[in-house]
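Residue numbers run from 1 in the order of the sequence given.
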Amino acid sequence: MPLAADVDRIAQETGFAGVVRVDRAGATELDAAYGLADRRHALAMTTQSQLAIASGVKGMTALAVMSLVEEGTLTLATTARSLLGTDLPLVADDVTVEHLLGHRSGIGDYIDEESDTPIEAYLMPVPVHLLETTEQFLPVLDGFPTSFPAGERFAYCNSGFVVLALLAERASGVPFHDLVRERVCRPAGMVDTDFLRMDALPGRAAVGYVEMGGEWRTNALHMPVLGSGDGGIYSTGADLHRFWTALFAGRIVSPETVAEMVRPRPTVPGDDRRYGLGFWVHPTREIAQLEGFDAGVSFRSSHDPARELTVTVIGTTATAAWPLATVLDAQLLD
């Protein structure tokens, strides 16, 4: 099979550790695992391994929020301030749920995506073991001034999705992790997807790695011990296929809501990328995408509903997935 041969070759050339899966029209064309899931114990990666997907969780956060919008608990026009109260006083009064979902809020970001900070840097400003709940992220989010007026333009913002998690939790009275489990994972049949503690990973979870001082170290000290709205979920290639299938079948939110979430808006002048509400959209085609990049994580999953085609690559270093994702995108999506 030419596709499998290409993937095998690139995986070998790049030392890829992770999983690759391609599904089309109900048939799995490729489901492969490479490298080690745990380098210390020389445990092989398998197609059943659970891997972190970093910012891939933003789409799931958006869906949890939109499910609350559908039931009337929130609206797209709900202001962040109406639920934040006196918390995060630098978040402008006119920032809405819709602004946050589309990265158009202008709020300051606790992770500056435009900086030259190396991926191996320890970015969290508080001890990572203190970040178990969404409310505990408040000190991390606080103190960043507004970058531009709400709605003025697109600027990717991790803080915005943690704020969304906080708003969803406060509006519903349900812990954010449970909202995602009950409103996204359960209706999608994602049996192997969950927020996992970095200091208590189960045996099937792959460990993320950062190269530091000429050696590979785990990313446990780089990440919140339990993620929130902008990262922290672990999943599998099979579960991500289930996710896309359920999403476009209307089993998570209505088809009308899905259409609004994947409707592309302009992003940055001179940049061909497009974004909806929680989802990237392919530059030239109506293909929805989730993507993540972090210390010990690289992830991209794309779904073309017209062709019932899903392509997923997840790696356990910050750059591992990109050579394979680039080739697969060119061969299958473009």
Quiz prompt | Those residues that, when tested against Glu286, pass salt bridge (Lys or Arg N to Asp or Glu O under 4.0 Å) (two or more places apart) | solution = Arg274
Practice problem: Compare all side-chain heavy atoms of Phe176 with those of Ser228 and state whether any distance is below 4.5 angstrom. | Solution: yes
Quiz item: Got a donor-acceptor contact below 3.5 angstrom from the Arg204 side chain to the Gln48 backbone?
Solution: yes
Quiz item: Does CZ belonging to Arg251 count more than 12 external heavy atoms closer than 6.0 Å?
Solution: yes
Quiz item: Which distance, rounded to the nearest 0.5 Å, do you find between the OG of Ser301 and the CG of Asp239?
Solution: 11.0 Å
Quiz prompt | Any donor-acceptor pair under 3.5 Å from Glu29 side chain to Arg24 backbone | solution = no
Exercise. Determine the minimum heavy-atom distance between Ala246 and Ala188, stating which atoms define it.
Key: CB-CA, 3.6 Å
Quiz item: Just wondering, do Phe144 and Ile107 contact through their side chains at under 4.5 Å, heavy atoms?
Solution: no
Quiz item: So does Arg197 pair up with Glu132, basic N to acidic O under 4.0 Å?
Solution: yes
Practice problem: With sequence neighbours excluded, tell me which residues meet salt bridge (Lys or Arg N to Asp or Glu O under 4.0 Å) with Arg153. | Solution: none
Quiz item: Which atom names give the shortest non-hydrogen contact between Thr134 and Val162, and what distance separates them?
Solution: CG2-O, 4.0 Å
Quiz item: Hey, does the side chain of Arg242 reach the backbone of Gly237 with a donor-acceptor pair shorter than 3.5 angstrom?
Solution: no
Quiz item: Under a 4.5 Å cut-off applied to non-hydrogen side-chain atoms, are His177 and Leu226 in contact?
Solution: yes
Quiz item: Relative to the ring of Tyr156, is the ring of Trp280 parallel (under 30°), tilted (30 to 60°) or perpendicular (over 60°)?
Solution: parallel
Practice problem: Identify the two heavy atoms, one from Gln50 and one from Asp192, that lie closest to each other, and give their separation to 0.1 Å. | Solution: NE2-O, 2.9 Å
Quiz item: How many angstroms lie between OG in Ser302 and CG in Leu332, if you round to the nearest 0.5 Å?
Solution: 10.0 Å
Quiz item: Name the one of Leu68, Thr79, Val65, Leu100 that satisfies side-chain contact (heavy atoms from CB on, under 4.5 Å) with Leu167?
Solution: Leu100
Exercise. Could you tell me whether the side chain of Asp294 and the main chain of Val297 form a donor-acceptor pair under 3.5 Å?
Key: no
Quiz item: Do Met261 and Leu101 come close enough that some side-chain heavy atom pair is under 4.5 Å?
Solution: no
Quiz item: Has the side chain of Asp304 got a donor or acceptor atom that lies under 3.5 Å from a matching backbone atom of Ala306?
Solution: yes
Practice problem: Please step through side chain to side chain donor-acceptor pair (under 3.5 Å) for the pair Thr133 and Glu135, ending with a clear verdict. | Solution: CA-CA 5 Å; Thr133 69; Glu135 291 283 344; over 6 Å; no
Self-check item: Within-4.5 Å side-chain heavy-atom neighbours: Ile287 and Leu309
Solution: no
Exercise. Write down the atom of Val253, the atom of Met66, and the distance for their closest heavy-atom approach.
Key: CG1-C, 4.3 Å
Exercise. Would you please name every residue forming a salt bridge (Lys or Arg N to Asp or Glu O under 4.0 Å) with Asp31, sequence neighbours left out?
Key: Arg21
Quiz item: How many angstroms lie between CZ in Arg183 and OG in Ser172, if you round to the nearest 0.5 Å?
Solution: 6.5 Å
Quiz item: Any side-chain heavy atom of Leu277 within less than 4.5 Å of one from Glu260?
Solution: yes
Practice problem: Can you label the angle between the Trp244 ring and the His303 ring as parallel, tilted or perpendicular, going by 30° and 60°? | Solution: parallel
Quiz item: Between Val20 and Leu324, is any pair of side-chain heavy atoms under 4.5 Å apart?
Solution: yes
Quiz item: Where do Ser105 and Val95 come nearest, in terms of heavy atoms and distance?
Solution: O-CG2, 3.5 Å
Quiz item: Do NZ/NE/NH1/NH2 and the carboxylate oxygens of Lys58 and Glu291 come within less than 4.0 Å?
Solution: no
Quiz item: Between His282 and Asp334, is a side chain to side chain donor-acceptor pair (under 3.5 Å) present by the stated rule, with each step listed?
Solution: CA-CA 9 Å; His282 188 274; Asp334 294 338; 2.7 Å; yes
Quiz item: Can you find a pair of side-chain heavy atoms, one from Leu328 and one from Leu3, that are under 4.5 Å apart?
Solution: yes
Quiz item: Would you find a donor on one side and an acceptor on the other, under 3.5 Å apart, between the side chain of Ser298 and the backbone of Thr317?
Solution: yes
Self-check item: Least distance between heavy atoms, Leu141 atom then Ser159 atom
Solution: CD2-OG, 3.6 Å
Practice problem: Please work out whether the ring planes of His103 and Phe154 are parallel, tilted or perpendicular, with thresholds of 30° and 60°. | Solution: perpendicular
Exercise. Count the heavy atoms belonging to other residues, nucleotides or ligands that lie under 6.0 Å from CD of Glu70, then report whether that count exceeds 12.
Key: yes
